[in-house]
Undergrad: 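A single structure is presented below for examination.
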Amino acid sequence: MSNTSSPSTVSMETLAALCKRRGFIFQSSEIYGGINGFWDYGPLGAELKRNVRGLWWREMTREREDVVGLDATIIMHPSIWKASGHLDTFADPMVDCKSCKSRWRADQIAEEQGKKIEIEITEDGKKHYKMPAGVKCPKCGSANFTEVRPFNLMFATHVGPIESDDNKAYLRPETAQAIFVQFKNVLDTSRQKVPFGICQIGKAFRNEVTPRNYTFRSREFEQMELQFFIRPDEAVELICGHVAQLTPDTDLSEPHADWGWEIWHKYWVEKRLAWYRSIGLPKASLVEYWQAKDELAHYARACVDIQFAFPFGIQELEGIAARSDYDLTQHHIHSGKSQEVFDDELKAAVAKLDDAARTAFADKVAADWQAAGKSPEAAHTFCAKLFDGRYIPHDIEPSAGVDRLVLALLSDAYCEEKIADDKGKEETRVVMRFNPKVAPIKLAIFPLLKNRPELVAKAREIYLSLRSRWNVFYDESGAIGRRYRRQDEIGTPFGVTVDFQTLEDNTVTWRDRDTMKQERVAISELATRLQNAETGKQ
RNA sequence: GCGGGAGUAGCUCAGUGGUAGAGCGUCACCUUGCCAAGGUGAAUGUCGUGGGUUCAAAUCCCAUCUCCCGCUCCA
């Protein structure tokens with residue numbers, strides 16, 4: 001991963017200090033010395049994070065007819081992790097070179113040197129790895145390794161009162177599998193049909209070797225993800241007679257029936273990028289990174305990382321993977337429960353073909369599959385199912401880290417300005433330039449002076465009239481300028497001040513966080529202004 | 001987990017064996033007619049934690065936890 005420095009000037013230390021000082025983020029269990037890789041969100045952080053989740057949920061399901069939500073458990077049947085491959089691939093055997101102190105994946109360096117790592121399974125089912133003789137450290141050439149130790153990234157626990165291997169369970173290392181294993185239930189109950197998606201927001205856990213970069217890599221984190229299920233390209237071809245080709249001119253604004261996985265994937269990449277921009281992340285700080293073929297997971301056809309220029313480097317916010325039918329197929333096989341769907345349109349399209357056309361189609365698919373290194377027999381089985389109107393859907397997965405996005409919003413928002421006061425003395429103004437949509441507090445309401453009961457009463461009245469709809473904040477302590485600055489530092493986009501003129505004509509001064517400009521606004525107009533700020537109209 | 005650096009008030013830090021400090025912030029009261037004004041007062045630390053050396057430890061020694069940088073991994 002690149003270490004390109006971000007255009008942002010804020011250091012992680014400065015940002016973390018502000019987050020703690022103002023109550024965005026605290027270290028978990030701090031009074032007991034903290035616990036590595038776990039973070040708590042304070043009052044403002046909790047609001048910020050809720051806003052992010054809310055905006056995502058609204059965009060991904062409420063405002064779409066083809067996506068529904070799910071809220072699944074963190075602990076699930078352990079067989080799920082066997083089927084998904086996490087039990088095997090999440091336990092990396094690691095060694096350290098005692099000579100040069102470098103660390104390696106034992107299986108990888110053994111394989112590179114033409115050897116195979118020895119695995120011994122003990123009676124209690126535990127795996128013991130042994131480095132074969134003759135393997136040398138790729139860095140210094142020494143063969144002086146520590147013992148091979150497995151690092152399983154899944155947190156394990158036991159279900160029920162007795163701890164034994166029979167009731168071992170895991171905290172989910174990703175939310176995706178929960179969606180796959182409920183795919184059929186959702187399909188049967190939601191009156192959706194392919195193509196459609198299931199989205200979920202929830203916690204996931206990884207026992208990371210080294211949590212790092214503030215909240216960026218945590219052991220407990222939250223994901224927002226969509227699994228969008230589509231027809232296999234072969235089914236699209238049978239129904240539409242062709243599969244649309246992705247070109248630079250392809251209109252991605254509305255889905256079309258002739259889209260194959262490639263256009264659907266591109267569609268979601270564009271959708272997600274547009275969403276990040278809509279919540280205030282500038283286009284320039286977002287990077288669309290297309291993984292090279294050799295970086296892809298074995299089941300993935302394509303994967304795009306949406307990256308953000310963090311102060312510590314350009315790092316991933318979201319991955320959008322075309323996962324083929326891999327996951328549902330795994331569960332189809334391991335659970336013994338069919339994950340196939342029946343597609344009326346497909347069945348109707350196939351009914352119009354004669355036997356010769358079907359044979360020709362199946363032969364073409366077999367040839368394509370063979371060219372891609374898959375067996376032609378499997379292709380014929382697949383086509384026989386297709387002709388019956390059945391297939392296992394393919395999947396496009398846009399999967400984002402909530403905590404990472406919150407960190408991106410915080411680091412993007414942070415801004416220090418040099419401004420001169422009326423005496424010409426220069427001072428620094430710290431401003432969190434959150435987009436109003438995500439800002440923890442939308443509006444601060446101040447009486448100009450707190451020792452004038454009539455001003456206080458009016459300001460309280462405005463506060464009480466708005467707070468059921470927006471997170472607004474009332475503050476009467478300190479000089480007015482000081483109160484403005486306090487709000488700047490927590491990113492409140494607007495402030496209104498009740499002064500003596502308010503008592504005469506029901507107007508207040510409306511102060512903009514970014515420009516510091518003030519204008520006279522009727523109290524009756526405040527709700528409209530807040531609503532416009534939230535919908536992006538200004 | 002390994003190597004390097006660091007932990008003192010909410011924050012930034014001073015304090016190198018002899019009674020725990022500063023600035024900012026926070027809170028209260030006064031003051032204040034629009035951008036961190038001023039005044040008075042207050043709260044907040046068993047100096048990361050545990051042990052040891054010493055008449056005496058924030059300071060020296062050991063262990064441990066946490067944070068930062070690198071290896072590894074990823075949403």
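Values below: every heavy atom of this structure, side chains too, minus hydrogens, waters and symmetry copies. Protein chains get the first letters and strands the later ones, always in sequence-line order, with residue 1 at the start of each.
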Undergrad: For A:Lys271, enumerate each residue passing the salt bridge (Lys or Arg N to Asp or Glu O under 4.0 Å) test, keeping only those at least two apart in sequence or located in another chain.
TA: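 In terms of salt bridge (Lys or Arg N to Asp or Glu O under 4.0 Å), with neighbours along the sequence ignored, A:Lys271 is linked to no residue.
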Undergrad: Is B:rU54 paired to anything, Watson-Crick or G-U wobble with both distances less than 3.5 Å, and if yes, which nucleotide?
TA: none
Undergrad: Hey, do the aromatic rings of A:Phe24 and A:Tyr41 have their centres closer than 6.0 Å?
TA: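 No, the ring centres sit 6.0 Å or more apart.
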Undergrad: Counting only heavy atoms and a strict 4.0 angstrom limit, can you tell me which residues of residues 317-328 of chain A come near RNA chain B?
TA: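 Within this stretch, A:Leu317, A:Glu318, A:Gly319 sit under 4.0 Å of the strand.
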Undergrad: Identify all side-chain donor-acceptor contacts of residues 489-496 of chain A below 3.5 Å with residues at least two apart in sequence or on another chain.
TA:
residue, atom, partner, partner atom, Å
A:Glu489, OE1, A:Arg22, NE, 2.6
A:Glu489, OE1, A:Arg22, NH2, 2.6
A:Glu489, OE2, A:Arg21, NH2, 2.5
A:Thr492, OG1, A:Gln487, OE1, 2.7

Undergrad: Using the P atoms only, state how far B:rA28 lies from B:rA63, rounded to an integer number of Å.
TA: 48 Å
Undergrad: By the 4.0 Å heavy-atom rule, please label A:Phe446 as base, sugar-phosphate, or nothing.
TA: nothing
Undergrad: Across all strands, who's sitting opposite B:rA37 as a Watson-Crick or G-U wobble pair, both distances under 3.5 Å?
TA: none
Undergrad: Under 4.0 Å between any heavy atoms, over every strand shown, what does A:Phe38 touch: base, sugar-phosphate, or nothing? Just pick one.
TA: nothing
Undergrad: Has the side chain of A:Arg206 got a donor or acceptor atom sitting under 3.5 Å from an opposite partner on the base of B:rC74?
TA: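 Side chain to base: no pair below 3.5 Å.
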Undergrad: Looking for any heavy atom pair under 4.0 Å, which part of the strands does A:Asn207 touch: base, sugar-phosphate only, or nothing?
TA: nothing
Undergrad: Expressed as a whole number of angstroms, how long is the span from A:Gln227:CD to B:rA75:P?
TA: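 Result: 12 Å.
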Undergrad: Salt-bridged, A:Arg53 to A:Glu222, with N to O below 4.0 Å?
TA: yes
Undergrad: Write down the distance separating the P atoms in B:rU12 and B:rU19, rounded off to the nearest Å.
TA: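 The same atom, P, in both gives a distance of 27 Å.
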Undergrad: Using the P atom as the point on both nucleotides, what is the distance between B:rU26 and B:rA37, in whole Å?
TA: 10 Å
Undergrad: Mind checking the P distance from B:rU59 to B:rG17? Whole angstroms is fine.
TA: 11 Å
Undergrad: Scan A:Arg511 against the nucleic acid and name what it touches under 4.0 Å (heavy atoms): base, sugar-phosphate only, or nothing.
TA: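 The answer is base, as A:Arg511 lies within the cut-off (heavy atoms under 4.0 Å) of a base atom.
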Undergrad: Answer with yes or no whether A:Glu316 presents, from its side chain, a donor or acceptor under 3.5 Å of a partner atom in the base of B:rC74.
TA: no
Undergrad: What is the ring orientation for A:Tyr267 with A:Trp264, classed by angle as parallel under 30°, tilted 30 to 60°, or perpendicular over 60°?
TA: perpendicular
Undergrad: Give one of base, sugar-phosphate or nothing for A:Asp499, where a contact means two heavy atoms less than 4.0 Å apart.
TA: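 Base: the residue A:Asp499, judged by heavy atoms under 4.0 Å, touches a nucleobase.
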Undergrad: Please tell me which of A:Asp488 and A:Asn451 maps to the more 5' nucleotide of RNA chain B, matching each residue to the nucleotide holding its nearest heavy atom.
TA: A:Asn451
Undergrad: Donor-acceptor check, side chain of A:Trp510 to backbone of A:Gln518, threshold 3.5 angstrom: yes or no?
TA: no
Undergrad: With a 4.0 Å cut-off on heavy atoms, is A:Gln27 in touch with a base, just the backbone sugar-phosphate, or nothing at all?
TA: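 Result for A:Gln27 = sugar-phosphate.
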Undergrad: Heavy atoms only, 4.0 Å cut-off, all strands: where does A:Gly42 land among base, sugar-phosphate and nothing?
TA: nothing
Undergrad: Whom does B:rG70 pair with, Watson-Crick or G-U wobble, provided both distances fall under 3.5 Å?
TA: B:rC2
Undergrad: Hey, does A:Lys450 reach any base, or is it just sugar-phosphate, or nothing, if we go heavy atoms under 4.0 Å?
TA: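 Counting heavy atoms under 4.0 Å across all strands, the contact made by A:Lys450 includes a base.
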Undergrad: Apply salt bridge (charged side-chain N to carboxylate O under 4.0 Å, His left out) to residues A:Glu519 and A:Arg529 and explain how you reach the verdict.
TA: CA-CA 13 Å; A:Glu519 60 182 311; A:Arg529 288 213 163 204; 3.0 Å; yes
Undergrad: Can you confirm whether the side chains of A:Glu397 and A:Gln227 place a donor and an acceptor under 3.5 Å from each other?
TA: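 Yes.
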Undergrad: Take A:Arg22 and A:Gly478, find for each the nucleotide of RNA chain B with the closest heavy atom, and name the residue whose nucleotide sits nearer the 5' end.
TA: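 Its nearest nucleotide lies further toward 5', so the answer is A:Gly478.
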Undergrad: Across all strands shown, which nucleotide pairs with B:rU12 by Watson-Crick or G-U wobble geometry, both distances under 3.5 Å?
TA: B:rA22
